[in-house]
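Note sheet for the following structure.
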Amino acid sequence: MQVAFGTDHGGFDLKDTLVQEIESLGHEVLDHGAFKYQPDDDYPDFAEAVARSVSEGLASKGVLLCGSGVGASIAANKVSGVRASVCHDEYSARQGVEHDDMNIICLGARIIENELAKKLIRVFLSAKFSGVERHKRRLGKVIDIENKA
Ligand code: RB5
């Protein structure tokens with residue numbers, strides 16, 4: 001699948017490790033930068049680019065990094081059709097997709113170790129929305145909120 005990827009300076013050190021991990025799983029990375037370490041770059045720029053790729057169907061899922069994962073998540077969720085969340089444990093990375101159809105995972109590179117980040121990426125990318133009726137109903141209600149906004 002196509003996986004949109006973006007990071008600000010807060011996640012830049014983790015970028016190569018995760019891009020390699022995604023590619024090693026057979027996916028194609030749509031790289032939205034940052035392309036070099038710039039301590040004054042801004043996470044919303046990368047979050048918007050990744051979110052639009054997912055929203056417009058250029059990528060099936062997205063991965064965003066920042067220092068905490070929080071800013072990237074807040075910014076990405078402003079784009080219609082995006083369901084982004086910080087996930088720093090395996091259960092959330094899997095259940096977020098299976099139950100909530102999360103399409104962007106946000107990781108805090110200042111918080112988690114590289115091996116955990118790689119594991120979370122593997123879990124997130126392999127998980128699929130369950131399609132179970134109650135989850136579809138809840139997802140529909142989430143989409144209704146977005147449509148009312
Ligand atoms: C940047 O220094 C930092 O604030 C950003 O990467 C992120 O953690 C925001 O949530």
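Start at 1 and go down the list; that is how both ligands and their atoms are numbered. Atoms considered below: every heavy atom in the structure, side chains included; atoms not considered: hydrogens, waters and symmetry mates. As the structure is a prediction and not an experimental result, all values here were calculated from the model.
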Steps toward side chain to side chain contact (heavy atoms under 4.5 Å, CB included) verdict (Y91, V123): CA-CA 9 Å; Y91 179 82; V123 167; over 6 Å; no

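Considering both main-chain and side-chain atoms, D8 comes within under 3.5 Å of ligand 1 through a nitrogen or oxygen pair. Considering backbone and side-chain atoms together, G71 places an N or O closer than 3.5 Å to an N or O of ligand 1. Residue-to-ligand polar distances keep C66 apart from ligand 1: every N/O pair is separated by 3.5 Å or more.
Checking each of L107, L116, T17 against I121 for a side chain to side chain contact (heavy atoms under 4.5 Å, CB included) leaves exactly one that passes, namely L107.
For atom 3 (C) of ligand 1, the closest non-hydrogen atom on the protein side is R110 NH1, 3.7 Å.
E115 and K119 are not joined by a salt bridge, as no carboxylate oxygen comes within less than 4.0 angstrom of a charged side-chain nitrogen.
Distances below 4.0 Å separate heavy atoms of G67 from the following atoms of ligand 1: 5 (C), 6 (O), 7 (C), 8 (O). Within ligand 1, the atoms closer than 4.0 Å to a non-hydrogen atom of H9 are 1 (C), 2 (O), numbered from 1 in the order shown.
Two residues are said to be in side-chain contact when any heavy atoms from C-beta on lie closer than 4.5 Å; V82 and N103 meet this criterion. Looking at heavy atoms from C-beta onward, Q38 lies out of side-chain contact with H9 at the 4.5 angstrom threshold.
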